[in-house]
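Notes follow once the structure below has been shown.
Numbered from 1 within each chain, the chains take letters A, B, ... in sequence-line order.
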Amino acid sequence: MFEEDFAQTPLLSGLNPEQLAAVTYPAEPLLILAGAGSGKTRVLTTRIAWLLHTAQAQPHNVLAVTFTNKAAKEMRTRLGAMVSHSLRRMWLGTFHGLCHRFLRIHHREADLPPSFQVLDSADQLALIKRLLKQAGISEEAVVPRVLQGFINAQKENGLRAADLDAPDPHTKRLIACYADYEQTCRREGTADFAELLLRAYEVLNARPELLAHYQSRFTHILVDEFQDTNALQYRWLTLLAGGGAALCAVGDDDQSIYRFRGARVGNMADLMTAFGIDAPVKLEQNYRSAGNILAAANAVIARNRKRLGKNLRTGAGAGEPIRFYSAADDAAEARFIAGEIQALRQEGLPLAHMAVLYRSNAQSRILEQTLFAERIPYRIYGGLRFYERAEIKHALAYLRLAVHRDDDHALLRIINMPPRGIGARTVEQIQQQAQSAGVSLFAAAVQLAGASAKIAAFVRLIHDLHERAQVADLAELTAYTVAASGLHDYFAKQKIPAERERTENLDELVNAARFFRPEEAAGWDGVSADTAGVAAVAAFLGHAALEAGDNQADGGQDAVQLMTVHAAKGLEFDAVFVSGLEEGRFPGEQSLGDAEAIEEERRLMYVALTRAKRRLYLSMAQQRMLHGMTRTGVPSRFVGEIPENLLHFLSPKPARRGAGHFDRFGAAQTAAAGGGFYAGLRVRHTKFGKGVVLAAREAGGSVRVKVNFGSAGIKELDTAFARLEMED
DNA sequence: ACCGTAGAATTTTTT
DNA sequence: ATTCTACGGT
């Protein structure tokens with residue numbers, strides 16, 4: 001048996017039995033259920049390395065898919081250190097990145113122009129707004145965001161506008177807009193994120209010879225974070241694996257926290273049925289957290305009904321108890337956290353090894369203020385990324401026009417940026433001309449150039465860029481564009497220093513173009529690696545849309561990490577603070593009446609808890625400023641789900657009431673401020689029936705409560721008038 | 001063309 | 001409270 005032999009090689013040494021089983025599993029469909037901190041990435045990369053090592057596969061036989069660029073990069077790096085093979089011909093990347101590459105290679109079969117552009121979400125939304133305006137539909141009749149969600153949801157279900165029909169007029173209108181949107185994208189040569197996946201899927205599905213080629217090429221397909229896949233990603237994967245490839249999916253149903261963006265945990269169970277997998281290989285040995293932390297996480301997640309079933313264990317000792325602090329208000333909670341951070345720092349723990357987590361971004365403000373006041377350096381995750389900055393998007397719009405002059409969206413973005421005297425009126429004229437002549441905005445501008453010197457100058461600029469784009473080197477073209485467009489000068493002349501700093505970003509963009517190598521970006525094969533010409537520009541623009549850059553603030557110095565629980569997934573820290581643990585915050589108020597939503601929040605809590613290696617703090621505020629109002633809160637049910645013997649109360653221990661599933665301990669002291677009502681309380685109304693209180697607040701002497709009555713909807717009531725009975 | 005202000009919204013996020 | 005957006009005035 002070669003497993004025996006290879007168990008001796010450095011590649012497989014150090015793996016525990018379950019990891020070894022997963023890595024050396026035969027070339028058959030396989031589902032790995034990998035708990036938090038169980039060495040999931042290591043198993044996945046080692047399996048690929050083992051496949052190459054044992055010559056079961058060549059790099060070009062492997063398709064490895066992740067969700068984020070970061071995960072893909074890490075995998076490539078780690079794999080590179082494990083094997084001597086060249087990984088250039090291995091398809092390793094994100095779903096979107098790989099589909100993008102596929103469509104660049106097969107743009108002809110996909111009926112896309114060679115220079116087709118990728119729309120990011122902001123581009124997509126802007127396109128939708130423009131489209132609604134053109135069709136004369138008000139944004140109240142069709143809310144742009146709703147339409148965007150509708151279109152993406154349809155695409156994720158594999159449905160085109162032509163496939164849809166609906167009885168009600170509103171949905172009918174959405175479908176009509178979807179059709180309009182499809183047509184505009186087609187005319188302008190653009191593809192949104194969902195389109196990349198859907199188009200790639202459709203091309204494979206419609207072309208048996210192409211599908212057969214890829215099915216026989218990819219004998220091993222590996223997927224990371226499988227619990228986050230949506231319906232379309234699942235179909236794409238199973239289509240490619242349908243020719244008998246060994247599909248290896250790694251995931252953790254307990255860490256499925258992206259239902260809101262279409263993730264289907266059910267894909268794990270479906271995969272087992274579809275591919276005849278009897279049981280998943282479980283990785284339950286945790287290498288991250290101390291015993292108490294793990295016990296708490298296990299106890300919390302055990303409350304969820306729908307689980308594939310898994311229980312983490314650790315070889316480490318129990319460690320410290322979990323600390324719980326209930327602060328009087330949000331400011332006091334922040335001060336407590338700052339104080340503990342200082343203390344840990346004194347003990348020699350680097351700040352970078354500590355993280356403060358919260359459910360929603362709004363909670364970061366008070367923490368930031370407090371940390372700033374206490375002179376504790378912090379780094380906050382989230383916010384604008386490099387390629388999302390306005391000045392960068394402006395510059396990219398010029399590049400887009402350079403390679404594709406019919407891109408109306410790009411034209412509208414920069415026709416008067418920097419200001420060149422082409423205002424709303426002139427733009428309207430151009431739009432009218434385009435409409436009546438049935439041509440793109442740029443073509444219309446060409447037609448009108450004789451009538452306006454300003455339009456003529458703009459047309460000349462775009463023509464100039466277009467000509468250079470055919471021959472110039474990408475970096476040269478970018479540098480020329482930034483200067484010739486007037487963007488650089490415009491920002492350089494601004495009064496506000498922050499505006500002037502935008503020129504640095506433009507310089508940085510030129511730099512990025514200089515170092516951009518298409519073949520390195522994703523290991524392209526079949527696509528020219530030339531850095532000159534239209535193809536290079538298109539590839540660079542695709543890279544900018546698909547890889548928006550880092551979204552964490554300035555790195556460098558030792559700093560506490562602040563982020564949402566979602567952003568913390570996959571990371572680990574010695575000390576973790578989970579803040580804002582109140583009913584209505586975490587779990588969020590929109591989840592309170594909904595059992596499915598509560599389970600997702602509980603998984604989120606599970607993710608939060610399992611980030612901690614050695615020390616875990618849980619904290620809450622009895623009163624919190626929210627939307628300009630002081631709201632009262634009771635401890636999160638999730639705190640009550642942690643066995644009491646694991647907790648150490650740093651504040652007076654709140655009274656526990658009831659022995660059931662939901663211990664509303666602390667309710668007695670804090671509910672007073674809400675007139676006896678608090679989030680999570682079950683009530684009954686004579687007319688609306690049973691409901692759950694989402695929020696209680698005092699307004700002008702009276703107490704108003706927001707209640708979710710389920711089918712009767714969400715109502716806001718004044719307790720002085722409404723006849724609400726507490727159900728207990 | 002630019003600026004100011006009134007009104008609305010307000011989980012989570014990657015691509 | 002705050003932040004963003006849309007609209008209207010100068």
With a non-hydrogen cut-off below 4.0 angstrom, is A/Lys129 in contact with a base, only sugar-phosphate, or nothing?
sugar-phosphate

Rounded interatomic separation in angstrom, taking CG from A/Asp224 and P from B/dT14
16 Å

Taking only residues two or more places apart in sequence, or in another chain, which ones meet A/Lys129 in a side chain to side chain contact (heavy atoms under 4.5 Å, CB included)?
A/Leu125, A/Glu139, A/Pro144

Donor-acceptor pair between A/Thr630 and A/Arg624 side chains, under 3.5 angstrom:
no

For a quick check of understanding: with a heavy-atom distance under 4.0 Å over all strands, which category does A/Leu357 fall into, base, sugar-phosphate or nothing?
nothing

Heavy-atom contact window of chain A on DNA chain C, given 5' to 3' at under 4.0 Å
C/dA1 to C/dA6

One thing to verify: whether A/Asp228 and A/Arg264 come together as a salt bridge, which I'm taking to mean a side-chain N less than 4.0 angstrom from a carboxylate O.
no

Round to a whole Å and report the spacing from CG of A/Leu197 to C1' of B/dT15.
8 Å

Between A/Asn69 and A/Gly423, the residue closer to the 5' end of DNA chain B by nearest nucleotide is A/Gly423

Any donor-acceptor pair, under 3.5 Å, between the side chain of A/Ser121 and the base of B/dT13, if you only look at N and O atoms?
no

Can you check whether A/Arg385 has a side-chain N or O nearer than 4.0 Å to OP1 or OP2 of B/dT15?
yes

Could you tell me whether the side chain of A/Ile337 reaches within less than 4.5 Å of the side chain of A/Glu333, counting heavy atoms only?
yes

What is the distance, to the nearest angstrom, from the CZ atom on A/Phe226 to the P atom on B/dT14?
21 Å

CD of A/Glu388 versus C1' of B/dT13: gap in Å, rounded?
10 Å

Rounded distance (Å) that lies between atom C1' of B/dT15 and atom CD of A/Gln233
9 Å

Can you tell me the distance, in whole Å, between the CZ atom of A/Arg259 and the C1' atom of B/dT13?
16 Å

Donor + acceptor pair across side chains of A/Arg307, A/Asn304 (<3.5 Å):
no

Would the A/His566 and A/Tyr258 ring centres measure less than 6.0 Å apart?
yes

In terms of the nearest nucleotide of DNA chain B, which residue is placed more toward the 5' end: A/Ala545 or A/Gly421?
A/Gly421

Grab the CH2-C1' distance between A/Trp236 and B/dT15 for me, whole Å please.
13 Å

Parallel, tilted or perpendicular for A/His100 and A/Phe116, by the 30°/60° rule?
perpendicular

Once you measure the plane-to-plane angle for A/His543 and A/Phe516, does it fall in the parallel (<30°), tilted (30-60°) or perpendicular (>60°) bin?
tilted

Each nucleotide in nucleotides 2-12 of chain B should get exactly one letter: B, S or -. Can you fill that in based on protein heavy atoms under 4.0 Å?
S-------BBB

Minimum side-chain heavy-atom gap A/Val607-A/Ile257 below 4.5 Å:
yes

Let me know the distance between NZ of A/Lys73 and P of B/dT14, rounded to the nearest Å.
14 Å

Determine whether A/Arg420 and A/Ile455 make a side-chain contact, defined as any pair of heavy atoms from C-beta on separated by less than 4.5 Å.
no

With P as the reference atom in both, quote the distance from B/dT12 to C/dT5 in angstrom, rounded to an integer.
15 Å

